[in-house]
Amino acid sequence: NTGNGHSLYWCSAGLNICTSGSATSCEECLLIHPKCAWCSKEEFGSTKFITSRCDFVENLITNGCAGELETPKSSINIVENLPLSSKGSSLTLSDVTQIMPQKISLNLRPGDKTSFRVQVRQVEDYPVDLYYLMDLSLSMKDDLDNIRNLGTKLAEEMRKLTSNFRLGFGSFVDKNISPFSYTAPRYQNNPCIGYKLFPHCVPSFGFRHLLSLTDKVDRFNEEVQKQKVSRNRDAPEGGFDAILQAAVCKEKIGWRKEASHLLVFTTDDVPHIALDGKLGGLVQPHDGQCHLNEANEYSASNQLDYPSLALLGEKLAENNIHLIFAVTKAHYILYKNFTALIPGTTVEILHQDSNNIIQLIVKAYNSIRSKVELTVWDNPEDVSLTFTATCQDGLLYPGLRKCEELQIGDTVSFEVSVEARSCPAGNTSHSFTIKPAGFRDTLEVEIAYSCTCGCMKQMEWNSSKCSGNGTYTCGLCECDSGYLGSKCECEEGESGNMYQNMCREAEGKPVCSGRGECSCNQCICYKSEFGRIYGLFCECNDFSCARYKGVLCSGHGDCHCGECKCHAGYIGDNCNCSTETNRCISNDSQMCSGRGNCVCGKCQCTEPGAFGETCEKCPTCPGACSTKRDCIECMLHNSGGLADNQTCPKHCKDEIITRVDVLKTDDQHSVLCVYPVNDCVMKFTYSELPSGKSNLTVLKKPECGSAPNALTILLAVVGIILLIGIVLLVVWKLLVTIHDRREFARFQSERSRARYEMASNPLYRKPISTHSLDFTFNKLSKSYNGTID
């Protein structure tokens, strides 16, 4: 059965989690593991050993505790389970059901997971309340012109989806304080003064509720036509103030409990968020309350900061409102990020003049109705929830609490697993709510905890079972102050200390080595699933010795008080070393073939390249070829030393011999061996096979070479000498030629640098030298050339 499987699992893993928890009471036992049970039977266990009362059910029954077990389980009770509705508008409020069940109670034992199934259906023809919240800042003037007849057209489209539709209207700009709006006196009545493109507009305001939800769409058109735009100072708008007021002012807006709530938020810019109000001196956080005055205007606009995203998400979910962001393309990404932080929110792209607003609302409504997402409210800290969705494709999606691409009327289900991690203080009860985002329907879950044992109701004070010195509860005695022992039979004080000291192996050591309990003056050792705990002070056991490959004392010894006592023929701390040497004797009667040492009954080869059980394989050893040669001569020719003493079958039983005409020597895994035979050469190769045998490939006939030709050798020597002489002459001639050419080039170079002809003497000078001087000057307006007397 299931319980037995768990018991075997925990024990096979080397640990019984129930007994190892050292539970001293029934309550402690229940907290260890959901499969642990407590035995409340009075006479339980042995007088020599302490048998744990906290264990798996099967173990307790085996130890004689049938019928007196405390093992509570988690349970579920469905309190309210009305069937799902198929239509919405044709039924009364109390008849419409979109989630099943509606209320359950859980009784949880810590660690014992339990689960229940939740079904959700989007009913057909469900009533819809739509509140249109519009940005009336100056940049939205063309949008205002385009929606003046929006009510009629929108109602026509929405009535194709539901027969019960109501429409409301509100507007916003921003806080009328600096630096968000124009606050100078000249702008009080007309903040557009001096603005040439549009010189007239109304004063700025935070939020103004203009039309409560109504099925008279003409009134929506009338209110829209009355509106005029305003002008604020900075680019961001105060739209989040308006969203919060539209969500929490339920009575003034007119939200119906039995309807689907849609809040359409249209803007062409980014919003102000929490802490932006500090720029205008607003340091008080938003309180999340309704602040609409008698004129239906937001009266706390200039006193409270803008709301945070978390507060918006909480209030929208609390009032079952689907928020639809209708924003221009430039700000789509920002508002798309907001939808990830505000559950049940969608975003669509609004054209610059809002001419697509009807298609946008219909598309967003269909998107909302095509998905179901569960949210959890007030989840207790010590309770963990996991969800598994089963959507229309019938597949399971672990960890998912949302289904998409649904049609109206589709039913989806969610498996909800609940687990209590601990018991709350005072054993109090808790509750939480599961609610589809945007739905009014909820599932209320009440939780009680199974943290106490039924046997505690039968407590016996001053019980005779406890020698009149204690309280008997759940099979144990809780001794009064001053008394000790399992039956409270010993008295504390000097005698009590003496009893305790007699249970210590030495002063300062734990009582009963920490493995038992001292009952007056004698240690009663705990019972262990691993083996026996024994000794005067519970200091010994038969399971704490050294192991080899997980086996205690290698299976060749007995564990005594933490030390292996090896059987005959075995030595070592864990008795894994055999003293036998028979398995180390090779076929040639040598110890490890003379290539290793026998250690613990196995050969450890010391010769490089040697392997095998007795180191008999060694392709690289010097004597390997001679050993194989003996087998070849013995098995093929019945000759050699092995044939003479008739040991060939014994020594060569692992040799596989193959004879070939041509021997291949290019195999890297084969070793080539050669030995002389009658002036010829016999060749063979051998390689070791994975099976442990050797593969020998032998030539059928030895290779015999012919005698050399003397004339051929003589002619070859003479030819080589002549060739060497010719090469030397060529080299000598080449060196001489290069030397002559260098000398001639040097001569030519010196000749070209000479500066005189052969017939002239560069040292000769003529005895007469001639100098001439030409000049011209003007004297008394006369010109003279030549010399002056």
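On a predicted model such as this, the values are computed, not experimentally measured, just so you know. Count residues from 1 along the sequence.
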*Under the side chain to side chain contact (heavy atoms under 4.5 Å, CB included) rule, what do D129 and I253 come out as? Steps first, then yes or no, please.*
CA-CA 10 Å; D129 286 348; I253 302 298; over 6 Å; no
Out of curiosity, [X] [atom1] to [Y] [atom2], how far, rounded to the nearest 0.5 Å?
| X | Y | atom1 | atom2 | answer |
| --- | --- | --- | --- | --- |
| L108 | S75 | CG | OG | 8.0 Å |
| I533 | F543 | CD1 | CZ | 4.5 Å |
| L400 | F387 | CG | CZ | 10.5 Å |
| I243 | L311 | CD1 | CG | 11.5 Å |
| D441 | I434 | CG | CD1 | 13.5 Å |
| N462 | S467 | CG | OG | 11.5 Å |

*After noting the C-alpha distance and the side-chain angles of C577 and C600, does the key distance pass the disulfide bond (SG atoms under 2.5 Å apart) rule?*
CA-CA 4 Å; C577 186; C600 293; 1.8 Å; yes
*Would you call R421 and E381 a salt bridge, using N to O less than 4.0 angstrom?*
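Salt bridge: no.
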*asked:* I'd like to know if E404 and K402 make a salt bridge, using a cut-off of under 4.0 Å between side-chain N and carboxylate O.
replied: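 Looking at K402 together with E404, the answer is yes, because their closest N to O distance falls below 4.0 Å.
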Which heavy atom of [X] sits nearest to which heavy atom of [Y], and what is that distance?
| X | Y | result |
| --- | --- | --- |
| L304 | L282 | O-CD1, 3.5 Å |
| S260 | Y126 | N-CE2, 3.5 Å |
| T71 | C36 | OG1-O, 4.4 Å |
| G475 | R53 | O-NH2, 2.9 Å |
| V57 | A37 | CG2-CB, 3.7 Å |
| P72 | L30 | CD-CD2, 3.7 Å |

*Can a donor-acceptor pair be found between the side chains of S450 and R109 at a distance below 3.5 Å?*
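Per modelled atom types, S450 and R109 side chains form no pair under 3.5 Å.
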_E415 side chain to S115 side chain, donor-acceptor N/O pair below 3.5 angstrom_ =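 The answer is yes; a qualifying pair exists.
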*Intermediate values then yes/no, side chain to side chain contact (heavy atoms under 4.5 Å, CB included), H261 and L263*: CA-CA 7 Å; H261 303 159; L263 178 57; over 6 Å; no
*Name all residues meeting the ring pair (Phe, Tyr, Trp, His ring centres under 6.0 Å) criterion together with H322; count only those two or more places apart in sequence or in a different chain, and write none if there are none.*
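Testing H322 for ring pair (Phe, Tyr, Trp, His ring centres under 6.0 Å), a comparison that skips the adjacent residues, returns none.
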*Verdict with supporting geometry, S554 and Y570, side chain to side chain contact (heavy atoms under 4.5 Å, CB included)*: CA-CA 10 Å; S554 307; Y570 291 91; over 6 Å; no
Decide if atom [atom1] of [X] counts as having more than 12 heavy atoms of other residues, nucleotides or ligands within a radius under 6.0 Å.
| X | atom1 | answer |
| --- | --- | --- |
| D573 | CG | no |
| K73 | NZ | yes |
| K250 | NZ | no |

*Give a yes or no on whether the backbone of K435 and the side-chain of T375 come within a donor-acceptor separation of less than 3.5 Å.*
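Yes; judged by distance alone, with no hydrogens or angles, the pair exists.
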*Under 2.5 Å between the sulfurs of C26 and C474, yes or no?*
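No disulfide here.
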*asked:* Let's go through F116 and L106 carefully: what are the C-alpha distance in whole Å and the side-chain angles of both, what is the deciding distance for side chain to side chain contact (heavy atoms under 4.5 Å, CB included) to 0.1 Å, and is it a yes or a no?
replied: CA-CA 10 Å; F116 56 87; L106 303 177; 4.2 Å; yes
*Please work out whether the ring planes of H291 and H286 are parallel, tilted or perpendicular, with thresholds of 30° and 60°.*
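Correct class here is perpendicular.
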*Using the salt bridge (Lys or Arg N to Asp or Glu O under 4.0 Å) rule, pick out the option among E42, E478, E43 that qualifies with K465.*
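Exactly one pass, corresponding to E42.
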